[in-house]
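First up is the structure itself, then whatever we jot down about it.
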Amino acid sequence: MINLKQIKNPMPEQDPVVRAGNFKEVAEGYTPQMAINEAMRCLKCRKKPCTKGCPVMVRIPEFVAKVAEGEFEEAYQIISETSALPRICGRVCPQENQCEGYCVQGVNGEPVSIGRLERFVADWHAEHESDCCETVTEAEGCSCGCSGTSADTPHGNCKKVAVVGAGPAGLTCAGDLASKGYDVTVFESLHKPGGVLAYGIPEFRLPKDIVAAEVAKLESRGVKFINNAVIGRSETVDELFEDGYEAVFVGTGAGLPSFMNIPGENLLGVCSANEYLTRINLMKGYLPEYDTPVQKAKRIAVVGGGNVAMDAARCAKRMGAEKVYIVYRRSMDEIPARREEIHHAIEEGIDFQLLRNPVAVIGDENGYVTGLECVEMELGEPDASGRRRPVVKEGSNFVLDVDCVIMAIGTKLNKLILETTENLEANERGGIGTDAGAATNREGVFAGGDAVTGAATVILAMGAGKTAAASIDEYLDK
Ligand code: FAD
Ligand code: SF4
């Protein structure tokens with residue numbers, strides 16, 4: 001007999017058949033009553049294991065208790081003590097490996113839906129933000145800490161800081177520095193801020209008005225954004241110092257696509273997931289009023305098993321592909337994407353070709369893709385990452401009949417900043433080298449997020465931005 005307290009309150013979602021034809025958000029969010037019911041599942045554990053599972057140590061049991069009492073604004077205040085982007089993290093964090101992975105309710109049932117509650121609280125706050133600010137004057141500031149008035153732009157200290165890259169690391173760093181009164185300018189190479197939140201993660205997982213609202217909040221707090229500025233090309237980090245910036249934070253991510261180096265990868269119809277997703281998300285290729293060219297193939301193979309692969313496959317379905325494969329060389333137990341994305345992809349009809357690995361892309365006489373030759377794999381001994389190593393089954397070659405192949409096998413660090421900043425040292429992964437406080441070997445230069453770690457997560461990038469802001473404040477306050 002199932003004890004209802006042991007399972008999560010379900011999230012209202014768009015029907016899979018309907019949503020596979022649109023880009024509207026899949027998960028529709030808890031109602032206040034659903035949130036209260038879910039929060040009441042919390043056991044109020046004395047040792048608070050969930051908090052230890054959160055990279056930025058959100059005080060989870062405390063905020064969940066406020067939700068259970070219906071005190072949503074107080075819950076928001078608790079979350080925002082440590083998390084700069086809760087509307088985003090509530091939607092995209094891999095909670096199953098973080099907070100929810102440590103939740104005691106998960107031992108005999110399903111963990112408390114900490115991510116859904118975080119999303120609910122942050123959305124509730126955003127919806128009611130203007131109400132809570134109506135009663136405060138510009139001079140006194142809003143006690144809720146929202147962007148409604150000057151509450152969180154305390155006093156200018158005239159010190160200029162440059163932030164390079166407007167992804168979660170850069171945005172968080174900029175926000176924390178603005179709160180401390182610094183004069184912050186963010187330089188972004190694309191035409192819109194947001195980093196992966198804007199160009200990578202699709203609208204149906206993370207509506208872009210949420211990202212735009214976070215950017216607008218920063219602007220209202222005095223942060224300046226200069227888009228279409230490729231630091232290392234338009235000007236270097238060293239030139240930023242000459243322009244009067246007293247510290248520079250580098251949060252340029254790891255957006256350089258990787259390819260497999262197999263025969264046929266240069267055929268027409270092969271592209272990187274980053275390019276495909278950028279055309280669809282940032283350049284709005286899914287909207288008929290935009291003339292962005294996007295591959296509109298009928299049969300698509302997406303190679304990889306991470307969030308990027310799931311996003312590309314689910315976009316392909318929504319762009320009208322009849323058949324979409326995920327080709328992944330390990331099994332479902334090792335696949336790295338968020339569980340929710342895998343579940344949604346299966347519901348939407350994506351065909352998972354597990355324990356399969358491409359060996360060649362096949363094309364016709366005009367250079368267009370006509371198939372993807374793969375081999376079957378089996379799992380051997382664990383490798384250095386602890387995951388079982390995929391081994392080729394000899395003679396198992398077969399061809400998937402596709403007219404487009406999207407490579408989503410990971411991204412690399414772009415070396416531009418390292419190559420153009422005098423004496424800036426790299427770490428052993430090839431990223432920008434930093435100490436625990438995000439300081440590089442160059443005085444006044446700090447770095448964080450994927451640019452340091454290689455491809456990771458939004459919350460880790462956000463945490464790095466926070467650490468860097470605290471270190472920059474300490475450095476400039478000396
Ligand atoms: P980015 O978000 O990459 O931002 C870096 C910014 O710097 C970019 O805007 C870039 O244009 C800019 N830039 C680069 N070079 C320069 C330069 N020289 N001058 C000026 N600007 C520059 N993580 C999760 O936690 N959950 C998910 O569900 C998830 N899904 C993902 C889906 C996709 C498709 C991708 C690609 C990644 C996903 N991730 C996910 C990973 C996560 O988005 C990243 O770890 C995170 O965005 C890293 O943040 P960042 O600020 O370090 O870098
Ligand atoms: Fe509540 Fe789960 Fe955290 Fe325990 S581990 S306090 S049940 S959210």
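Just the heavy atoms: all of them, side chains too, but no hydrogens, waters or symmetry mates, feed the values below. Atoms within each ligand, like the ligands themselves, are counted from 1 in listed order. Computed from a prediction, not measured in an experiment: that's the story for all the values here.
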Evaluation steps, salt bridge (charged side-chain N to carboxylate O under 4.0 Å, His left out), between R387 and D333: CA-CA 9 Å; R387 294 182 303 173; D333 290 340; over 6 Å; no
[X] neighbourhood, listing ligand 1 atoms whose heavy-atom distance to it stays under 4.0 Å:
X: G449; answer: 52 (O)
X: L190; answer: 11 (O)
X: D450; answer: 44 (C), 45 (O), 46 (C), 48 (C), 52 (O)
X: L277; answer: 34 (C)
X: V164; answer: 19 (N), 20 (C)
X: G251; answer: 5 (C), 6 (C), 7 (O)
X: R338; answer: 28 (O)
X: V308; answer: 33 (C), 34 (C), 35 (C), 36 (C)

Polar contacts were defined as any N/O atom of the residue lying under 3.5 Å from an N/O atom of the ligand; does this apply to [X] and ligand 1?
X: A456; value: yes
X: V92; value: yes
X: L416; value: no
X: D311; value: no
X: V458; value: yes
X: Y199; value: no

Check the pair K8 / E100 against salt bridge (charged side-chain N to carboxylate O under 4.0 Å, His left out), numbers first and verdict last. CA-CA 11 Å; K8 290 181 175 188; E100 293 183 20; 2.8 Å; yes
Do the non-hydrogen side-chain atoms of V211 and K192 ever get within less than 4.5 Å of each other?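 No, side chains not in contact.
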Does [X] have a non-hydrogen atom less than 4.0 Å from ligand 1?
X: R233; answer: no
X: P168; answer: yes
X: G232; answer: no
X: A455; answer: no
X: N414; answer: no

Consider only side-chain N and O atoms of R338 and Q95, and report whether a donor and an acceptor are under 3.5 Å apart.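 Per modelled atom types, R338 and Q95 side chains form a pair under 3.5 Å.
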Tell me yes or no: between the side chains of E246 and Y475, is some donor less than 3.5 Å from an acceptor?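 The criterion, which ignores hydrogens and geometry beyond distance, is not satisfied for Y475 and E246.
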Counting only heavy atoms not in [X] (residues, nucleotides, ligands), do more than 12 fall under 6.0 Å from its [atom1]?
X: E474; atom1: CD; result: no
X: K415; atom1: NZ; result: yes
X: F259; atom1: CZ; result: yes
X: D435; atom1: CG; result: yes
X: M40; atom1: CE; result: no

Only one of E38, R41, Q33 clears side-chain hydrogen bond (donor to acceptor under 3.5 Å, both in side chains) with N9; which?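 Exactly one candidate clears the test, E38.
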With side chain to side chain donor-acceptor pair (under 3.5 Å) as the rule and sequence neighbours excluded, what pairs involving residues 42-57 come up?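 For residues 42-57, and leaving out neighbouring residues, the side chain to side chain donor-acceptor pair (under 3.5 Å) pairs sorted by first residue read K48-E62.
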Sequence-distant partners of N274, side-chain hydrogen bond (donor to acceptor under 3.5 Å, both in side chains), two or more places apart: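 With sequence neighbours excluded, N274 shows a side-chain hydrogen bond (donor to acceptor under 3.5 Å, both in side chains) to no residue whatsoever.
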Specify side chain, backbone, both or neither for T252, according to which of its non-hydrogen atoms lie closer than 4.0 Å to ligand 1.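 Both backbone and side chain.
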One residue to check: A229. Relative to ligand 1, which of side chain, backbone, both or neither has a non-hydrogen atom less than 4.0 Å away?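 It is the backbone that gets close, since no side chain atom is under 4.0 Å.
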Please step through side-chain hydrogen bond (donor to acceptor under 3.5 Å, both in side chains) for the pair T82 and R59, ending with a clear verdict. CA-CA 8 Å; T82 45; R59 292 198 289 127; over 6 Å; no
Option from E347, E341, E340 for which salt bridge (charged side-chain N to carboxylate O under 4.0 Å, His left out) with R314 holds: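 Going through the options one by one, the only one that passes is E341.
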Quick one: look up the protein heavy atom nearest atom 2 (O) of ligand 1 and list residue, atom name and how far away it is.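 For atom 2 (O) of ligand 1, the nearest protein heavy atom is V196 N, 3.0 Å.
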Considering only the protein, which heavy-atom contact is closest to atom 11 (O) of ligand 1, and what is its distance?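 For atom 11 (O) of ligand 1, the nearest protein heavy atom comes out as E188 OE2, 2.6 Å.
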Can you pull out every salt bridge (charged side-chain N to carboxylate O under 4.0 Å, His left out) where at least one residue sits in residues 107-119? Sequence neighbours excluded, please.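 Listed once each, the pairs are E25-R119, R119-D123.
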Give me the protein N, O or S atoms that fall under 2.8 Å of atom 2 (Fe) of ligand 2, sorted by chain and residue number.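 Those protein N, O or S atoms (cut-off: under 2.8 Å from atom 2 (Fe) of ligand 2) are C103 SG.
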Using the rule given for salt bridge (charged side-chain N to carboxylate O under 4.0 Å, His left out), can you reason through K66 versus E74, listing the C-alpha separation, both sets of side-chain angles and the distance that settles it, and then say yes or no? CA-CA 7 Å; K66 289 294 172 198; E74 287 182 37; 3.2 Å; yes
Under 4.0 Å between a Lys/Arg side-chain N and an Asp/Glu carboxylate O for E203 and R318?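 Looking at E203 and R318, the cut-off is not met.
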Which one of V186, N307, I231 has a non-hydrogen atom at the shortest distance from atom 19 (N) of ligand 1?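 Closest candidate by heavy-atom distance is I231.
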